[in-house]
Amino acid sequence: MRVKQLKHKIREWRGVGFVIPTIAGIITAIRFLGFLQPLELVAFDRFMSWRPTEAIDERIIIVGVEEEDLKGVGQWPIPDAILARAIEKIKAENPAVIGLDFYRDLPVEPGRDDLVRVLKDTPNLIGIELFGDEQPNSAVAPPPTLKDQPERIGFNNVVIDSDGKLRRGLLSSYNGEREAASLSMILAGMYLEHLGIIPQPLAENSQAFSWGKGIVRPLQKYDGGYAGVDTGGYQVLINYRGSAGRFLRVSLMDVLEDKISDRAKQKSSGSAFEGRIVLIGATAVSLNDFFYTPYSGNHITTPERTPGVEVHANITSQLLALALDGRPLIQTLPKPAEILLIFIGSSVGAIACWLSREGGKLNATPLHWILVNASLTGSALVAFIGGSYLCFAIASWWLPVVPCTLALLASTLALNLYIAQIERQERQTLMTLFGRHVTPQIAEEIWLGRDRLLKEGRLKGRKAIASVLFSDLKGFSTIATLSDPEELMCWLNEYMDGMAKEVLQHGGVVDKFIGDAVMGVFGVPIPRQHREEIANDAIAAVQCALAMTTTLEALNQQWEIQGRPQTSMRIGIATGEVVTGSLGSSQRIDYTTLGDSVNVAARLEGYDKTFDGGLCRILINEETYQLVKEKFPTKLVEEVILKGRQQKTKIYQVLRL
């Protein structure tokens, strides 16, 4: 029995078993072919912008060249003399390291000699260069003074994604002659080296290295939401601290005029630069050294942009926070784990859809199915998206939320289509069995209870308490002998049509036509659970018999006018246990009702044909009588042993007033 039940369950769930791997495979292929990358980058941006803004990293301060500074200086680029004086003032406060995010490959007079002197006398000052990887003519050389000190030169190249946003930081790259480090990498390295924190390569991964409390791993082509992206050099995802303005900033003129606000100064020393990393760069909008970041929103409105010097500050800050605070870089899953999550997403969608269908069937209402389906699917979506966001916000894990969500939705849609196909087949099976035998209302009731009825394309054999009605014409053999065959069939069809309509209108099932006899059953195929329901079926059967009498009376009047035969009929009704189900071969199958009550109803109809009951004689058994005696006038005919039975049966007649 258990093996049979297991096989049945496997057969029921075969659609789920097909949908889950199919959808997971399709979504995985789409993801790694790059079609989902734009959506995944949008999701990354949303998660980044939804995160709580982090505290300002006071280890870094920016000296920005603002619009007012340009007006005060009167030219751009800033003359070497002014830049040299600003560096000397900063140097006087003993900063940990200074990053000069200005190109100084050519002199900007006046003051070239002053700047050369300051650069030579400031060993903790880092200059910049620009690599021309794709366009050699666009390369910018470092300050000539630092050319022989590569450890004091960092490149400031950035990696822009296809949508124009800056999400990746380049820590090192080969410039054609040597492996060079970025400005941010050198600034963080010098700061941490003063604290005795040196990068250490990992034995198990030659590309990764530990740095203080954290580990740095390079971005791979398919990490996160990327698909085959160019990861030349040593790239990491930028773990921004927030939108623009998340670092201490003072203007160049404030430095030159000693007007730095107390907000930028350290409480312990009263100095703005002591022990800090100082980045000097352009922040004036007119200089256009700005980038779109995950905080920039879309390009339809006027998106917020972040100054390049602040981008370098963010990369530097994330390296410091990694080594000193254990704040991780943006992390991504290994590919097998990502594929597993997509598979889980597909599984959740398919299983939730299937379980909601099961719940809907048990409650016999499609609305319940829809509500449960929507509830489970919606809850799963909220769990996926919410869980992915929490992982990103708390631990900086970039999970494949887009492919997982699509897998969930696609598997839900696919399984709904599969269920619709199953139900189309089941409805066709049921309508084949019942379409000609029941009213639309009963057909709908049968459809809603189909799971309790159908088994392998057939109706399960099951017991029920029902009221069976048998009707037969009186003297039909004589009429058939005297009538033209064509006229006889037309006349008989009119009679059958009228009688069948009454059975259907009173909630019964037209079980079969046997010659001139009609068999109707009340209380199937959905078994009744309560005595009140059984009584209502018995009452409906008697009401149907009385209505059939009225219909026959109208037909006789019509036939008399047409010169056709008039007739009368007999009806037997028995209430009791029956067995219902599908009967037939694979080529032809029908719904039928069997059992002792069927035999009793047939015997009551054929009982003592000499006993006249007028236009329609209606006889019922004891069980029916007990259920309808308060509703209809009846009389006891006699108690006899019916053919085929060993016990006596009380026969009652329903009287027509």
Side-chain angles (χ1 to χ4, degrees), residues 44-45 48 51 54-64 96-102 126-131 153-161 165-173 179-193 197 199 208-209 211-219 223-224 231-249 276-283 289-296 305-331 396 398:
F44 177 87
D45 294 347
M48 184 73 77
R51 285 194 314 183
E54 297 192 37
I56 291 175
D57 189 346
E58 296 195 356
R59 293 170 293 215
I60 299 174
I61 188 169
I62 295 173
V63 176
V97 58
I98 302 171
L100 184 60
D101 191 24
F102 288 140
I126 310 301
I128 61 168
E129 62 180 333
L130 179 67
F131 291 163
I153 302 170
F155 62 80
N156 71 337
N157 295 64
V158 293
V159 183
I160 305 296
D161 284 330
K165 291 187 178 182
L166 181 55
R167 301 181 182 88
R168 292 175 281 158
L170 190 59
L171 300 187
S172 67
S173 183
E179 188 72 23
S182 68
L183 173 63
S184 302
M185 185 72 171
I186 294 177
L187 293 178
M190 291 183 66
Y191 185 94
L192 294 171
E193 188 176 1
I197 301 174
F209 59 91
W211 207 355
K213 295 181 179 181
I215 295 176
V216 181
R217 292 184 175 87
L219 183 71
D223 280 355
T231 54
Y234 199 107
Q235 298 181 29
V236 295
L237 289 164
I238 303 175
N239 197 356
Y240 287 94
R241 299 193 77 86
S243 56
R246 295 308 303 163
F247 291 91
L248 296 170
R249 185 192 296 181
R276 284 174 168 165
I277 295 175
V278 182
L279 271 163
I280 307 171
T283 54
D289 185 20
F290 285 78
F291 296 92
Y292 295 108
T293 72
Y295 294 91
S296 298
R305 298 188 299 166
T306 300
V309 66
E310 191 166 334
V311 171
H312 296 308
N314 267 286
I315 300 173
T316 305
S317 175
Q318 82 173 37
L319 294 174
L320 297 182
L322 171 78
L324 298 175
D325 308 328
R327 177 178 180 258
L329 304 181
I330 301 294
Q331 305 173 88
S396 299
W398 184 11

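All values reported here derive from a predicted model rather than from experimental measurement.
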Trainee: Leu329 and Val216: side-chain contact (heavy atoms from CB on, under 4.5 Å), yes or no, with the steps?
Mentor: CA-CA 7 Å; Leu329 304 181; Val216 181; 4.0 Å; yes

Trainee: Supply the atom-to-atom distance Ile98 CD1 to Arg276 CZ, rounded to the nearest 0.5 angstrom.
Mentor: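 That separation rounds to 14.0 Å.
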
Trainee: Indicate the atoms forming the closest heavy-atom contact of Leu192 with Ala323, along with that distance.
Mentor: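 That would be CD1-CB, 3.6 Å.
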
Trainee: Say you draw a straight line from CZ of Arg168 to CD1 of Ile160; how long is it, rounded to the nearest 0.5 Å?
Mentor: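 If we round to the nearest 0.5 Å, Arg168:CZ and Ile160:CD1 are 9.0 Å apart.
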
Trainee: Please find the pair of heavy atoms, one from Ile186 and one from Ala181, that lie closest to each other, and give the distance.
Mentor: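 Smallest heavy-atom distance, with atoms named: CG1-CB, 3.7 Å.
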
Trainee: Is there a donor-acceptor contact under 3.5 Å linking the side chains of Ser317 and Arg241?
Mentor: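 Yes, a side-chain donor-acceptor pair sits under 3.5 Å.
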
Trainee: So which atom in Thr306 and which in Ala244 form the shortest heavy-atom distance, rounded to 0.1 Å?
Mentor: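 Heavy atoms of Thr306 and Ala244 come nearest at OG1-CB, 3.9 Å.
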
Trainee: Would you say the side chain of Leu171 lies within less than 4.5 Å of the side chain of Ile315, judging by non-hydrogen atoms?
Mentor: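 Yes, side chains in contact.
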
Trainee: Salt-bridge test for Arg246 and Glu310: reply yes if a basic N is under 4.0 Å from a carboxylate O, no otherwise.
Mentor: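 A salt bridge is absent here (no side-chain N lies under 4.0 Å from a carboxylate O).
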
Trainee: Do side-chain atoms of Ser184 reach the backbone of His312 as a donor and acceptor pair under 3.5 angstrom?
Mentor: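 At least one qualifying donor-acceptor pair exists.
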
Trainee: Taking atom CH2 of Trp398 and atom CD1 of Ile330, what is their separation to the nearest 0.5 Å?
Mentor: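 Reported to 0.5 Å precision, the distance equals 9.0 Å.
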
Trainee: State whether the side chain of Asp57 and the backbone N or O of Arg59 hold a donor-acceptor pair below 3.5 Å, judged by distance alone.
Mentor: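 Yes, Asp57 side chain to Arg59 backbone: donor-acceptor pair under 3.5 Å.
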
Trainee: Take Val309 and Thr283, measure what side-chain contact (heavy atoms from CB on, under 4.5 Å) needs, and give me the verdict at the end.
Mentor: CA-CA 8 Å; Val309 66; Thr283 54; 3.8 Å; yes

Trainee: Using the rule given for side-chain contact (heavy atoms from CB on, under 4.5 Å), can you reason through Leu100 versus Ile280, listing the C-alpha separation, both sets of side-chain angles and the distance that settles it, and then say yes or no?
Mentor: CA-CA 5 Å; Leu100 184 60; Ile280 307 171; 4.1 Å; yes

Trainee: If you define the side chain from C-beta out and look only at heavy atoms, does anything of Tyr191 sit under 4.5 Å from Leu320?
Mentor: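 Sidechains of Leu320 and Tyr191: in contact.
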
Trainee: Measuring from atom NZ of Lys213 to atom CG of Leu324, what distance do you get when rounded to the nearest 0.5 angstrom?
Mentor: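 One finds 7.5 Å between NZ of Lys213 and CG of Leu324.
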
Trainee: Step by step, work out the side-chain contact (heavy atoms from CB on, under 4.5 Å) result for Glu179 and Ser172.
Mentor: CA-CA 7 Å; Glu179 188 72 23; Ser172 67; 3.4 Å; yes

Trainee: Ignoring hydrogens, what is the shortest heavy-atom contact between Gly99 and Leu183? Give both atom names and the distance.
Mentor: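 The answer is CA-CD1, 4.2 Å.
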
Trainee: Roughly how far, to the nearest 0.5 Å, is CE of Met48 from OG1 of Thr293?
Mentor: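 So the OG1 of Thr293 and the CE of Met48 are separated by 8.5 Å.
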
Trainee: Quick one: are Gln331 and Arg217 in side-chain contact, heavy atoms under 4.5 Å?
Mentor: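 Side chain of Gln331 against side chain of Arg217, heavy atoms only: no contact under 4.5 Å found.
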
Trainee: May I ask you to test the Val236-Leu219 pair for a side-chain heavy-atom distance under 4.5 Å?
Mentor: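 Contact flag for Val236/Leu219 side chains = no.
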
Trainee: With distance as the sole test, does Asn239 use its side chain to make a donor-acceptor pair with the main-chain N or O of Pro328 at under 3.5 Å?
Mentor: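 Side chain of Asn239 to backbone of Pro328, a donor-acceptor pair under 3.5 Å: yes, one is there.
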
Trainee: Answer whether the closest heavy-atom distance between the side chains of Val97 and Val278 falls below 4.5 Å.
Mentor: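 A side-chain contact is absent here, since even the closest heavy-atom pair is not under 4.5 Å.
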
Trainee: Looking at Leu237, is its backbone amide N or carbonyl O close enough to the side chain of Gln318 to form a donor-acceptor pair, meaning the two atoms are under 3.5 Å apart?
Mentor: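 Answer holds: yes.
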
Trainee: Would you confirm whether Ser182, through its side chain, and Leu170, through its main-chain N or O, come within 3.5 Å as a donor-acceptor pair?
Mentor: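 Yes.
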
Trainee: Do Leu130 and Asn157 touch side chain to side chain, with heavy atoms closer than 4.5 Å?
Mentor: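 With C-beta onward as the side chain, the pair touches.
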
Trainee: Can you name the residues that form a side chain to side chain donor-acceptor pair (under 3.5 Å) with Asn156, not counting sequence neighbours?
Mentor: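 Asn156: side chain to side chain donor-acceptor pair (under 3.5 Å) contacts with Asp101, Tyr103.
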
Trainee: Just verifying a value: how many Å separate Leu187 CG and Thr316 OG1, rounded to the nearest 0.5 Å?
Mentor: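 Reported to 0.5 Å precision, the distance equals 5.0 Å.
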
Trainee: Are Ile126 and Met190 side-chain neighbours, meaning at least one heavy-atom pair lies under 4.5 Å?
Mentor: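 Touching, per the 4.5 Å side-chain cut-off.
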
Trainee: Can you say whether the rings of Phe155 and Phe131 are parallel (under 30°), tilted (30 to 60°) or perpendicular (over 60°)?
Mentor: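 Ring orientation of Phe155 relative to Phe131: tilted.
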
Trainee: Taking all non-hydrogen atoms of both residues, which atom of Arg51 and which atom of Tyr240 are closest, and how far apart?
Mentor: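 Looking at all heavy atoms of both residues, the closest pair is NH2-O, 2.7 Å.
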
Trainee: So Arg167 and Asp161, do their side chains get closer than 4.5 Å, heavy atoms only?
Mentor: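 Heavy-atom side-chain distance check passes, below 4.5 Å.
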
Trainee: Which heavy atom of Ser296 sits nearest a heavy atom of Phe291, and at what distance?
Mentor: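 In this case the closest contact between Ser296 and Phe291 is OG-O, 4.3 Å.
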
